[in-house]
Amino acid sequence: MLNYLICRRFRCKAQLTDQKDYKMNIFTLFRDVVVEALNNLSKTGALPSDLEYKNLTVEPPRDASHGDLATNAAMVLAKQARQNPRAVAEMLAPQLEKHADIESVDVAGPGFINMRVAASFWQQQVSTILSSGTDYGASDMGGNEKINVEYVSVNPTGPLHVGHVRGAVFGDALSNLLIKAGFDVTREYVINDAGGQIDVLARSAYLRYCEAHGRDVGEIPEGLYPGDYLVPVGVTLKEKYGDQWLDADESVWLEQIRLDATAAMMELIRADLKTLGVVQDVYFSELSLHKDGRIQDAIADLRSKGHIYEGVLEPPKGQKTDDWEPREQTLFRATAFGDDVDRALQKSNGDYTYFAADIAYHYDKYKRGFHSMIDVWGADHGGYVKRMQSAVKALADDGNLDVKICQLVRLFRDGEPFKMSKRAGNFITLRDVVEEVGRDVTRFIMLTRKNDAPLDFDFKKVTEQSKDNPVFYVQYAHARICSVLKNRTPEAFPDMKTDDSTLASVALDGLTDESEISLIKQCCAFPRIIEAAAEAHEPHRIAFYLYDLASEFHSLWNKGNDNKGLRFIVDDNAAITQARLAMIRSVGLVISSGLAILGVKPVEEMR
RNA sequence: GGUCCCGUAGCUCAGUUGGAUAGAGCACCAGAUUCCUAAUCUGGGGGCCGGUGGUUCGAAUCCACCCGGGAUCACCA
């Protein structure tokens, strides 16, 4: 939240002065340089004046030996300029070489222009990082656009189990990432408090209510929720309502207990989420949609646009059709928007389907100003994606729904898979996971895989302190940095100031070793990684980046073992020491800033 | 049968949205320490990127059709 406020304030300031001041992504910076050079060529008539730069990129070359920056400018523009790509490149190269921060330029392959950036530029970036602090990497890419991220949204019928952890962490980290990239994010949970499962919950709670009054309820019947977590709910109901419902008909108590039990379950779920560090901004009640007619509104809106009709669906193909009965229903013309079949909005008893409520829910989000929405769902909802996206398209031309499917987490203990079974009562709750492996480790590991790939979670391995555990690898790098600054520096240089603002203004021209420059370059990749990850809605990229950055740091650390001249602290040279402290501190800042996106606290020591 | 996701080193996975000679970690082999930690680093071998066509200057990436694995499939939520 604090981070968010800083972001916003910073952005305002940037807009008042010069937009470009804000750009931390050096590739964007140098793209401007390339475009400027091209404009100059257009002015002299060497190139046409109406060039389209849309596909022009400045990127790090795949192979670092090619240089620091590569642009495809010549290849992209060759056709427009009716010239051969190499010729355009040869023309552009000398222009780029004039720039103060560009040391050398060469043309390679089919027309790539590779540029090498001067050491002084990289050194200066250390100071930029230090003065930006943990705000380094923040971007204005999002332009403060409102975006809604809906995640978890588990039925409020019990505590969260391990299967919900991944979606919770993913949604939360994605939200952090989008905030960092300049979006105005709302985190949301939709409470499915209207469906038949809430009746089941209420009946289950009623049994516990009877139990609290001393009745022997025996075995919880099949079809009701057997969990102990409903016992205290029964007690609370007893305290609140006395014995008035004992032996009473369901019609008397059902509605009230639905409300009370749902509220109790949501309290439980929110407490569970909090142990993971997940707190959402909006908890949205599905029931409220039913109550105040917003489902009818949404359907009426679709009807007015001609997307609703009464009709009979074809029986599903290739599936057993024993109990299939054709019946006329209210249908949404999903096929007009890319879905495979049209979808029912009303059940045969006249109730709205869950899909109808979901349409109304997304309609509501849109009307609240969220033209961009992201839903995070479990793997079992994959078949639901098309129809929901069809509905959003039908509701609004400029509405955009991205659905992120989180694949299953496979559980292991020391290499042995183990199964969960609700019947056997050995299912693992979210709380079990957090208690056993810790919040930070859980969060990080959940983000070490792309969301749409399955993830193996081994209770033993994830807490192991070794290099095959990425959490510790990254944390270890951060701890080493803190350790040098806090413990070793005062021994060697008792009077040296090492606060960020001092380090931000020290002379950095002593940072000339190839591996030092390389480490700084890695730090400078951070803003670009953020933008790309935010664009793709893929927070796992941050975790992989941090691993790479840590690797680069550990490598440099060990170079100091072979070559004492490369250690961070050089006993007889305060100037180089301070420059290197500035460098490693900036690495530390990037690591903690990246970890903050993942929702993980950096550690300062690992004893 | 339809739809969606996946297929990259022996294993687990990245791959900067179409870029140059495809990368890490584990495992295997050979070495190195201690600025606050070997919880780390350095080097080595290992690949028809599931297959075949297509799109173009250029494909692991986009398109089509196959092959293999998983999820899902009318009134549940």
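Chain letters run A, B, ... following the sequence lines, proteins first and then strands; every chain starts at 1.
- Look at Arg488(A) and you won't find any side-chain N or O under 4.0 angstrom from OP1 or OP2 of rC35(B).
- Nearest to the side chain of Asp562(A), among rA38(B), rA32(B), rU16(B), sits rA32(B).
- Across all their heavy atoms, Ala334(A) and Val341(A) have their closest contact at CB-O, 3.6 Å.
- The backbone N or O of Val190(A) lies less than 3.5 Å from a partner atom in the side chain of Ser153(A), making a donor-acceptor pair.
- Residue order along RNA chain B, read from the 5' end via each residue's closest nucleotide, puts Asp548(A) first among Tyr384(A) and Asp548(A).
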Between protein and nucleic acid, restricted to nucleotides 54-64 of chain B and to nitrogen or oxygen atoms under 3.5 Å apart, what atom pairs and distances do you find?
| residue | atom | partner | partner atom | Å |
| --- | --- | --- | --- | --- |
| rA60(B) | N6 | Arg62(A) | NH2 | 2.8 |

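- A gap of 13 Å separates the P atoms of rG23(B) and rG45(B), to the nearest Å.
- Checking rA20(B), rU17(B), rG19(B) against every side-chain atom of Asn72(A), the shortest atom distance belongs to rG19(B).
- Nearest to the side-chain atoms of Lys386(A) among the listed nucleotides rU3(B), rC41(B), rU37(B) stands rU3(B).
- Residue pairs meeting the side chain to side chain donor-acceptor pair (under 3.5 Å) criterion with at least one partner in residues 564-573 of chain A, sequence neighbours excluded, are absent.
- Comparing the same atom, P, in rA60(B) and in rA38(B) gives a spacing of 41 Å after rounding to whole Å.
- The separation between Leu485(A) atom CG and rC36(B) atom P is 13 Å, rounded to whole Å.
- Taking all atoms of both residues into account, the shortest heavy-atom contact from Ser551(A) to Tyr473(A) is CA-OH, 3.1 Å.
- The side chain of His540(A) contributes an N or O atom lying less than 4.0 Å from OP1 or OP2 of rG15(B).
- Note on Trp557(A): every side-chain N or O is 4.0 Å or more away from OP1 and OP2 of rU34(B).
- A heavy-atom distance below 4.5 Å is found between the side chains of Phe472(A) and Val441(A).
- Scored by the side chain to side chain contact (heavy atoms under 4.5 Å, CB included) test, Asp513(A) finds Ser515(A), Glu516(A), Leu566(A) as partners (sequence neighbours excluded).
- The gap from the C1' atom of rG43(B) to that of rC49(B) amounts to 26 Å, rounded to the nearest Å.
- Contact of the His381(A) side chain with the Val403(A) side chain is not registered, since no non-hydrogen atoms from C-beta on lie closer than 4.5 Å.
- Residue Ala108(A) places its side chain closer to rA20(B) than to any other of rA20(B), rA77(B), rA39(B).
- Pairs of Watson-Crick or G-U wobble type, with distances under 3.5 Å, assemble into runs of 3 or more in RNA chain B at these ranges: B:1-7 with B:67-73, B:10-13 with B:23-26, B:28-32 with B:40-44, B:50-54 with B:62-66.
- OP1 or OP2 of rC13(B) sits under 4.0 Å from a side-chain N or O of Arg449(A).
- The separation of rU21(B) from rG25(B), taken at their C1' atoms, amounts to 22 Å, rounded to a whole angstrom.
- Here the closest heavy-atom approach between residue Ser288(A) and residue Arg294(A) is recorded as OG-NH2, 3.1 Å.
- Dashed line: the shortest gap from a side-chain N or O of Ser555(A) to OP1 or OP2 of rU42(B) is under 4.0 Å.
- Rounded to whole Å, the distance from CD on Glu552(A) to P on rU42(B) is 9 Å.
- Nucleotide rU17(B) is shown with a syn base, its glycosidic torsion being within 90° of 0.
- Comparing the same atom, P, in rC26(B) and in rC41(B) gives a spacing of 8 Å after rounding to whole Å.
- Contact annotation: Arg480(A) side-chain N/O to rA38(B) OP1/OP2 distance is under 4.0 Å.
- Distance CD1/Ile359(A) to CG/Leu302(A): 5.5 Å, rounded to 0.5 Å.
- Salt-bridge annotation for Asp358(A) and Arg343(A): absent, with no side-chain N of the basic residue lying under 4.0 Å from a carboxylate O of the acidic one.
- With both ends at atom C1', the span from rG31(B) to rG69(B) equals 41 Å, rounded to whole Å.
- Following rounding to the nearest Å, Leu556(A) (CG) and rC41(B) (P) show an atom-to-atom distance of 12 Å.
- Between Tyr545(A) and the phosphate of rA14(B), there is no side-chain N or O to OP1/OP2 separation shorter than 4.0 Å.
- Distance Arg528(A) CZ to rG15(B) P: 13 Å, rounded to the nearest Å.
- The shortest distance between side-chain heavy atoms of Lys365(A) and Glu188(A) falls below 4.5 Å.
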Show me the donor-acceptor pairs, under 3.5 Å and distance only, between side chains in residues 521-530 of chain A and residues at least two apart or in other chains.
| residue | atom | partner | partner atom | Å |
| --- | --- | --- | --- | --- |
| Lys521(A) | NZ | Asp68(A) | OD1 | 2.6 |

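- With hydrogens and angles left out, the side chain of Asn558(A) and the base of rU40(B) share a donor-acceptor pair within 3.5 Å.
- The interatomic distance linking Asn469(A) (CG) with rC13(B) (C1') rounds to 15 Å, in whole Å.
- The distance between atom CZ of Phe472(A) and atom C1' of rC41(B), rounded to the nearest whole Å, is 20 Å.
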Please produce a list of atom pairs where a protein N or O lies less than 3.5 Å from an N or O of nucleotides 5-11 of chain B.
| residue | atom | partner | partner atom | Å |
| --- | --- | --- | --- | --- |
| rC5(B) | O2' | Asp452(A) | O | 3.3 |

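- For rA77(B), the OP1/OP2 oxygens have a side-chain nitrogen or oxygen of Lys347(A) closer than 4.0 Å.
- Spacing between atom CZ of Phe553(A) and atom P of rC35(B) amounts to 13 Å, rounded to whole angstrom units.
- Across rG7(B) and rG19(B), the matching C1' atoms stand 23 Å from one another, rounded to whole Å.
- Between Leu174(A) and Tyr151(A), the closest side-chain pair of non-hydrogen atoms is not below 4.5 Å.
- Comparing the P positions of rA20(B) and rC67(B) gives an interatomic distance of 32 Å, to the nearest angstrom.
- For Glu605(A) and Lys486(A), the salt-bridge test fails: no basic side-chain N is under 4.0 Å from an acidic carboxylate O.
- Here CZ of Phe332(A) is found 5.5 Å from CZ of Phe337(A). Values are rounded to the nearest 0.5 Å.
- Listed candidates were rU37(B), rU72(B), rA74(B). Nearest to the side chain of Leu313(A) is rA74(B).
- Considering only side-chain N and O atoms, Tyr473(A) lies under 4.0 angstrom from the phosphate OP1 or OP2 of rC41(B).
- Rounded to whole angstrom, the span from the CD1 atom of Ile405(A) across to the P atom of rU72(B) amounts to 12 Å.
- The base of rA20(B) sits with one of its N or O atoms less than 3.5 Å from a complementary donor or acceptor on the side chain of Asn114(A).
- The residue Ala479(A) sits apart from the nucleic acid: no heavy atom pair falls under 4.0 Å.
- Applying the 5.5 angstrom centroid cut-off and the 30 degree plane-angle cut-off, the aromatic ring of Phe544(A) is not stacked upon the base of rA14(B).
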